[in-house]
Structure formats: C-alpha cells, structure tokens
Amino acid sequence: MTNAPSPDLVARFAAIVGPAHALTRDDDTLPYRIEWRDRFPGKTPLVLRPGSRDEVAAILALANETRTAIVPQGGNTGLVGAQVPDQSGTEVVLSLDRMMRIRAVDAEGYTMTVEAGAVLADVQAAAEAADRLFPLSLGAEGSCRIGGNISSNAGGTAVLAYGNTRDLVLGLEVVLADGRVWEGLNALRKDNTGYDLKQLFIGGEGTLGVITAAVLKLFPRPKGQAVAFVAVESPAAALSLFQLARERAGHDLSGFELMPRIGLDFVLAHLPGTRDPLAAPSPWYVLIEIGSGHSDEAASATLEDVLGTAFEAGTVADAALAQSLADRQAFWHLRHGMSEAQKPEGGSIKHDISVPVARVPAFLDEAIAAVEAMVPGCRPVPFGHLGDGNIHFNVSQPVGADKAAYLARWEEMNALVHGIVARYHGSISAEHGIGVLKRDLLPGVKGPVAMDMMRSIKAALDPNGILNPGKML
C-alpha cells in the first residue's frame, strides 16, 4: 500500500529536481492531472519534472523507500487514463517533458537515440534532417512524446507498412521501481542473449519501470508519395480495394484508412479550413497512401494503376488524387481530425477494437446494427486503419440527447460491442492500451494464466506497487 507524501517528503522530492520543477499549486498541476477525454480527472500533491535520468532514478529510489505512488507521464495524450493520477490526492506525477534531447542520430546505421520526453514530431524532423524516416505517425504527434508512445505501444497510421511502436524500438534505458537503471540502449538488430527485456516495458504503461531513453529504428525516406481520397459504397468495397492495393503496391502501401460520411461531415462542420475533396457525397471513403523509393511519378503510377483497375471493377465510385504536398496534408488532416471533430457533437462512446482484416465489413454491419438498436438515433462513427484491422468504433449521442445520460451507458454499450468483437476473435484494445478505462475488462479477455503471469512480473519488478498503481492490473 502506498502513502500520501508529507510536507517534509514533498520537500525532499523537490530538492531532487529543484523548486522550479516541483509543482504544487493547483493551477500549475492542472495540465498534468486531466486528460483529453475528461473521463479521469485526478488530484496530485506534486508534479515532478526531472531533467535527467539520474534525477528520475533518485525520485524512484525515494518513492520506493517511502512507498509513494508515482504516475509516469509523457505528453498526456493517452486515451485510457493510464497517465493521470487518481482522485486520492496521494499520487505524485512524474513528467518526462523536460527530457527532450535527441542524443544521437546514426544515419548509416539507421538508428536514433532519443530521450523519453522528445515530442514525436521532433523525432520525425530529426530523422528527416538526416534523410531518414521515423514512420510512427499519430494525430497527436505534435504533442505526444516518444516515451509515452513506447509505454503504450502506440499504433497510428503507418502500422500497415512499418508495424506498431514495438516494432520500431531496438533498445531502452529504464529506471526501475527501486531506482536502479537498466542500461539497455542496444542498437543491434540481432542480439539473442537471453530474454528480450525491453518488451516488458513496451506497452507496460509505466507499471514496471520508467523509460528515460530509447534507440529507435530508422528507415530510408520515400523518394516519392501519392495520396488519394476515394469514395466507396461500403466497407466490403473498401476491403476489395485494399486487397487490390496490397497486391499491386506491396510494401509501398503505407496507409489505408477507412472513414464514414458522417465522420467527414463532422470534420467539415467543426474543423476550420477543411473541404470535401469530392463533388458528390459517398457513404464511405478510403484514404490511400503509396510510397516509392524512386519518385512521386512512380508512386502516382502505382496508385493510378490501382484506382484504374478498381474503377473498371466498379469497386470505386470516385477519387481525388493529391496534386501537391498541400493536397496530401489536407487529405490526411481530414482523417486525423476525425476524433477532434466528434467532441462538438456531444457525448461519444469509444471502442478501440481490432478484428481480422477480412472480417472488418461483417463486424461493422453487425456492430452498427446492434448499437442503433440499443440506442435509437445514436450515430456510429467507425473509422481507422482498415489495413491492419483496427477500427475506432465511436458512437456519438443522438442529436439533442442528454449527454450525461447517454455517457452513463458507456459500459453497457462497451459490453455489447466487445461481445461482438469476441465472436470475431478480435481485441478490445488495438492500440490505445488498458489504463483505467479497460482495466476491469482485461481478466475477461486474457484468461487466468496470462493474468497470473502479468501479476508475477509486476510483483518481481515493483514489489511495493509504487509504479502507476491501479493501471492495467
């Protein structure tokens, strides 16, 4: 059991980072104890902002000695409440937002070593400056931080070609619960010497250790890109288009995103500067991105071949091809704005699910019908990464409904949708993690042996339970 820090203990923690980086006033701590969806507002007596690995180690050593709960936090963009303190007012937030250095870029070795607080967009820019690519891409990339991306095993829009965050990490530097430092900043592509310890912390949501730095994989920068915004009649048509694009483009197919008309309507209504790329509305849309190691012309030729074949087959109703970088960015802005644009429409009940790619259309048909029967007038807004089977199955409230009353049915609707996911042998958390939001659902999907293994790992690495208590387990 953890303890609330006394004033004397708060002063001891503050001495580690310096008074300027130990926040205690409510106004100062507010950004660190609320999260984007406003579902898990927390309280904290102290926010610590260390500037180095050694300061993190000193903080955890003191926390372990005094049994003080620590909540690690990156950019505070998580969607399951893993990064914010609870309501007890006893948990100390450990923010990595000052540890932003790009320690090294090895262009020849295709690696980069960065501190956990580096903003994802800055990591991408540092790779680009070395004529390399770091492919992780999220809607929150301008504010999320790489340590949080790693701790949540973030997905994003490039998983189809490059994999999840787990696939992009070669090595980690981690401070353990007792303050010891695991120096695992290994840049080797092959190292078969025992357990792959880094995998414990990737997706661990800060419950096993605090990531302070990472060695990331880099890739060749595409020499060309082509993007199209495509109208299709149904998810089944989108799946046919995906199969064709996969066959023709292979690994060059770097993005394949599904969006419904209602989601585009929300974006056009609520995000300034957006416009519909096509002249007539369509029930569904696909955003396709194809890269090339040669040129924009080569990428465009592949994309035009895919779309031409799809038009002949009747799979595609209309399409707009990006003619410039500005067009490509505008098309992607429509996709990345899907979550933000739902907020002004009232309450939205979220599901971050995945099912086998071939079963996405059948899942959507069944799940949409089920939630509409459960809450007449509700507005399903399913969108996401059709190419890897991950759909953000969000359901906006009926127009004019009471927001609180609608959101009170969150668990009921989750149970309905997750039950359908189970029948399709899918996952209830494709890329957002477990945190608090899905903690109580985890035993129902992992099974008793898996849960025992997870608890054993937690007990071994954090026997006093100071790291992110109440999250995941």
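These values consider heavy atoms only, across backbone and side chains, with no hydrogens, waters or symmetry-generated copies.
- Remark: the backbone N or O of R166 is not paired with any side-chain donor or acceptor of N164 at under 3.5 angstrom.
- D106 contributes a side-chain N or O that, together with a main-chain N or O of G109, makes up a donor-acceptor pair within less than 3.5 Å.
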Between V47 and D28, does the side chain to side chain contact (heavy atoms under 4.5 Å, CB included) criterion hold? Intermediate values first, please. CA-CA 9 Å; V47 174; D28 294 333; over 6 Å; no
Yes or no on ring pair (Phe, Tyr, Trp, His ring centres under 6.0 Å) for F383 and F393, after CA distance, side-chain angles and deciding distance? CA-CA 7 Å; F383 66 96; F393 191 83; over 10 Å; no
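- Side chains of Q397 and R379: a donor-acceptor N/O pair is absent below 3.5 angstrom, by distance only.
- Donor-acceptor pairing under 3.5 Å is lacking for the side chains of E91 and T44.
- If you run side-chain contact (heavy atoms from CB on, under 4.5 Å) between I288 and each of F256, F229, F242, F331, only F256 comes through.
- Side-chain contact of H392 with E431: a donor-acceptor pair under 3.5 Å is present, judged by distance alone.
- W182 does not carry K198 over the face of its six-membered ring by the limits of under 6.0 Å from the centre and within 45° of the normal.
- The pair R49-D97 meets the salt-bridge criterion, since a charged nitrogen lies less than 4.0 angstrom from a carboxylate oxygen.
- Geometrically, R132 engages Y110 in a cation-pi contact defined by less than 6.0 Å to the ring centre and at most 45° from the axis.
- Taking each heavy atom of Y32 and S95 in turn, the nearest pair found is CE2-OG, 3.5 Å.
- A donor and an acceptor atom, one from each side chain of N464 and R67, are located under 3.5 Å apart.
- Across every non-hydrogen atom of P45 and G89, the tightest pair is CD-O, 3.2 Å.
- Proximity of a side-chain donor or acceptor of S151 to a complementary backbone N or O of G204 within less than 3.5 Å is not detected.
- V381 has its side chain within reach of Q342: a pair of non-hydrogen atoms, C-beta onward, lies under 4.5 Å apart.
- For K471 and E205, the salt-bridge test fails: no basic side-chain N is under 4.0 Å from an acidic carboxylate O.
- If you check the side chains of S88 and D86, you find a donor sitting under 3.5 Å from an acceptor.
- Between S429 and S427, the side chains place no donor N or O within less than 3.5 Å of an acceptor N or O (distance only, hydrogens not considered).
- The distance from the CG atom of L46 to the OG1 atom of T90 is 12.0 Å, given to the nearest 0.5 Å.
- At distances below 3.5 Å, at least one donor-acceptor pair connects side-chain atoms of E35 with backbone N or O atoms of R37.
- A salt bridge links R53 with E183; the closest basic N to acidic carboxylate O contact falls under 4.0 Å.
- Residue K343 places its NZ atom among more than 12 non-hydrogen atoms of other residues, nucleotides or ligands, all under 6.0 Å distant.
- For H351 and N394, the side-chain atoms include no donor-acceptor pair closer than 3.5 Å.
- Residues L287 and V227 are in side-chain contact: their nearest non-hydrogen atoms beyond the backbone lie under 4.5 Å apart.
- Proximity of L170 to L216: side-chain heavy atoms (C-beta onward) are nowhere separated by under 4.5 Å.
- A salt bridge links K223 to D131: one of the charged nitrogens lies within less than 4.0 Å of a carboxylate oxygen.
- Using a 4.5 Å heavy-atom threshold, the side chains of V123 and M112 count as touching.
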Set out, in order, the CA-CA distance, both residues' side-chain angles and the distance that settles side chain to side chain contact (heavy atoms under 4.5 Å, CB included) for L120 and L138, then state yes or no. CA-CA 9 Å; L120 175 56; L138 317 170; 4.0 Å; yes
Check step by step if side chain to side chain contact (heavy atoms under 4.5 Å, CB included) holds for T29 and V93. CA-CA 9 Å; T29 64; V93 174; over 6 Å; no
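- If you check the side chains of D191 and T193, you find a donor sitting under 3.5 Å from an acceptor.
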Derivation and outcome, side chain to side chain contact (heavy atoms under 4.5 Å, CB included), residues V84 and V71: CA-CA 7 Å; V84 287; V71 179; 5.8 Å; no
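- S396 and E345 form no side-chain donor-acceptor contact under 3.5 Å, judged by distance and modelled atom types alone.
- For the residue pair S254 / E289, a side-chain donor-acceptor distance below 3.5 Å is found, with atom types taken as modelled.
- Counting only N and O atoms by type, the side chains of K458 and S456 include no donor and acceptor under 3.5 Å apart.
- Shown here is R103, whose CZ atom has more than 12 heavy atoms of other residues, nucleotides or ligands within 6.0 Å.
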